Amino acid sequence: MKFQTITGTKDILPSESSLWQHIEQTARSVFKRFGYSEIRTPVFEDTNLFLRGIGETTDIVGKEMYTFKPSAESEESLTLRPEMTASVMRAYLQHSLGAQSPVVKVYYISELFRKEKPQKGRYRQFWQFGAECIGSANPEADAEVIAMMMMIYDELGIKNTTLKLNSLGDIETRKRYRTILQDYLRPHFDKLDAVSKERFEKNPLRILDSKNPDLKELIENAPRILECLDEVSKSHFETVKTYLDDFGVKYVIDHRLVRGLDYYSRTAFELVSSDLGAQDALGGGGRYDGLGEQLGAEKEIPAVGFASGIERLLIALESAGISEKIQPPKPDVMLVAQSPLARGWIMKTAQAWRKEGLTVETDLLARSLKAQMREANRLGATFAVIVGENELQTGKFQLKNLLTSEQKEIQQEDLLSEIKTRTA
RNA sequence: GUGAUUGUAGCUCAGCUGGUUAGAGCGCCUGAUUGUGGCUCAGGAGGUCGCGGGUUCGAGUCCCGUCUUUCACCCCA
């Protein structure tokens, strides 16, 4: 029996981890500059958290959750987290984070679990980085979150993206618009496809999202939610757009952008890339003022956030030719031993130099000098030091620069400082 | 869940209508006169042809099942 990864899961191998670290470091760096702190929550939660938070009619909750009982006789139901926002809000409420500071700004880099059929840019265990800004109802928060997300992509060098922007208004607006949309669609009901007919009652806004080309014209001519906005949402949206203009963040208004999770209100946004195939969303987010109350808060808790798929970002980095430029770190020096006695010396010296901060390689296979040199070259070491009986007796060492092929004789006591200055 | 698609050395792939010990490139290892890498040359290791059945004198090649890969629908990051 050969073991292998479960369908929809992936190993991140040593050859790829540099790229992952590069993405994570870039994200952390931007988050830090915006004053966001990291939050880490458990990978599993009470199933009800997601039922309440995400919405029971959504596909995520309806058919994509990994739900299990901690033991056969237990009443409890647990679920591997399919997204982070509900967990973050749960932590915010549980620890009364809002009582300590009026605005709580957190980010995460986490793995999530959804039992979907895998395809390009979609896995059953996948990674997201994202941020939540909790406590401000003002458009400044929306603008900042969007700008922060865009800055990460910008610093990673991602081009060919489109930022889509829309506003869903407040809850009243959505209710009102829902009726308006249904009234518009009702005379055309027979023309709708099966999926859209299904959505007509349950979630008519999703019909706008349909990829069916036959419905294109119908959807184009549908009444737009932006024209139905309440006054507060309208001016909120205008202010968000003004800030984005000021920041130089480019966007397009997309009337069809209706985010899938129930808790969104007002601002909704999505960053799409043409490099990605059918799953074209690199990241997305929006305002979710209603979530806190859904999870049991006494009053409305205004909040806005975004989430980005790391595997999808990887695809975009790949097609932009950026991923190949991120190389794994290379050793400063390879210590090459020519005899058993020399091997003892290089082991001790390697240990000492590593404490000094150098990246030092040695051959663990006791191979020939030639093989050790080959290894040094393969690893991309800057220097090789060849250590044999002569060196140990005379205290004079051959320091070879593998990048230039220059070799010179150095006194033992000067080796470390020479290598340090030349690799700094 | 539905519909397609893939599966041969570590990697990328050949293998014609079923026929003797399954190949290439890259990578890996060793060597090219005894203490020196990268290029070149020579040699070498490495494969239950996803797995299980079946057809056949004979299957990597045909059939069935199963798992897996990839892509799309659905949905989403």
Side-chain angles (χ1 to χ4, degrees), chain A residues 1-10 13 15 54 57-64 82-85 108-130 149 153 193-196 198-199 203 206 209-212 257-261 269-273 276-286 305-316 334 336-339 342 363 365 367-392 397-407:
Chain A
M1 162 112 199
K2 281 183 184 169
F3 288 108
Q4 60 178 43
T5 49
I6 302 302
T7 297
T9 68
K10 263 181 159 319
L13 296 174
S15 57
I54 302 173
T57 60
T58 60
D59 276 23
I60 293 179
V61 167
K63 55 187 191 190
E64 295 171 2
E83 57 114 47
M84 278 300 286
T85 304
Y108 55 82
I109 301 175
S110 309
E111 64 278 71
L112 305 171
F113 306 85
R114 292 191 341 206
K115 199 156 49 186
E116 300 183 273
K117 194 135 181 184
Q119 72 186 71
K120 187 171 187 179
R122 198 169 77 180
Y123 305 95
R124 289 182 169 179
Q125 177 177 176
F126 61 100
W127 288 79
Q128 285 186 347
F129 62 78
M149 177 179 93
Y153 287 103
D193 53 58
V195 184
S196 296
E198 176 98 13
R199 285 169 173 168
N203 197 345
R206 299 236 48 128
D209 226 7
S210 174
K211 286 178 187 170
N212 187 344
L257 176 61
V258 182
R259 303 207 41 85
L261 311 180
F269 57 93
E270 188 169 280
L271 187 69
V272 298
S273 164
L276 257 46
Q279 312 303 318
D280 65 352
L282 273 172
F306 83 93
S308 286
I310 298 186
E311 287 85 354
R312 291 185 187 176
L313 175 54
L314 243 27
I315 295 170
M334 171 103 179
V336 175
Q338 224 271 312
S339 70
D363 175 51
L365 295 173
R367 285 185 291 181
S368 70
L369 178 66
K370 196 189 186 79
Q372 293 181 60
M373 288 301 290
R374 213 161 27 223
E375 184 72 4
N377 185 66
R378 199 165 52 114
L379 293 169
T382 309
F383 287 107
V385 179
I386 293 140
V387 183
E389 299 304 320
N390 291 344
E391 286 77 6
L392 294 179
F397 286 75
Q398 297 299 321
L399 176 64
K400 180 157 191 173
N401 185 323
L402 294 174
L403 307 179
T404 63
S405 295
E406 286 172 308
Q407 182 164 319

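Everything numeric here is computed off the predicted structure, so don't read it as measured data. Residue numbers begin at 1 in each chain, while the letters A, B, ... track the order of the sequences. Heavy atoms only: backbone and side chains are in, while hydrogens, waters and symmetry mates are out.
Among the atoms of the strands shown, only primed sugar atoms or phosphate atoms (P, OP1, OP2) are found under 4.0 Å from some heavy atom of A/A371. When heavy atoms are screened at a 4.0 angstrom cut-off, A/Q407 is found touching base atoms of the nucleic acid. At the heavy-atom level, A/T7 lies under 4.0 Å from the strands shown only through sugar-phosphate atoms. A/L282 comes within 4.0 angstrom of sugar-phosphate atoms only, judged by non-hydrogen atoms across all strands, and of no base. Across all strands, A/Y123 comes closer than 4.0 Å to base atoms (heavy-atom distances). A/E391 comes within contact range of at least one nucleobase, with a heavy-atom separation under 4.0 Å. Counting any heavy atom pair closer than 4.0 Å across all strands shown, A/G277 reaches sugar-phosphate atoms only and no base atom.
Classification of A/K400 and A/E406 as a salt-bridged pair fails, no side-chain N sitting under 4.0 Å from a carboxylate O. The pair A/E375-A/R367 meets the salt-bridge criterion, since a charged nitrogen lies less than 4.0 angstrom from a carboxylate oxygen.
By the salt bridge (charged side-chain N to carboxylate O under 4.0 Å, His left out) test, A/E389 is found to be paired with no residue, residues two or more places apart in sequence or in another chain being considered.
Here A/K370 does not reach the OP1 or OP2 of B/rG35: none of its side-chain N or O atoms lies under 4.0 Å away. Within the 4.0 Å cut-off from OP1 or OP2 of B/rC76, not a single side-chain nitrogen or oxygen of A/R124 is found. A close approach under 4.0 Å does occur between a side-chain nitrogen or oxygen of A/Q119 and OP1 or OP2 of B/rA72. Residue A/R367 has a polar side-chain atom (N or O) positioned under 4.0 Å from OP1 or OP2 of B/rC29. Phosphate proximity of B/rA72 to A/R122: absent, as no side-chain N or O sits under 4.0 Å from OP1 or OP2.
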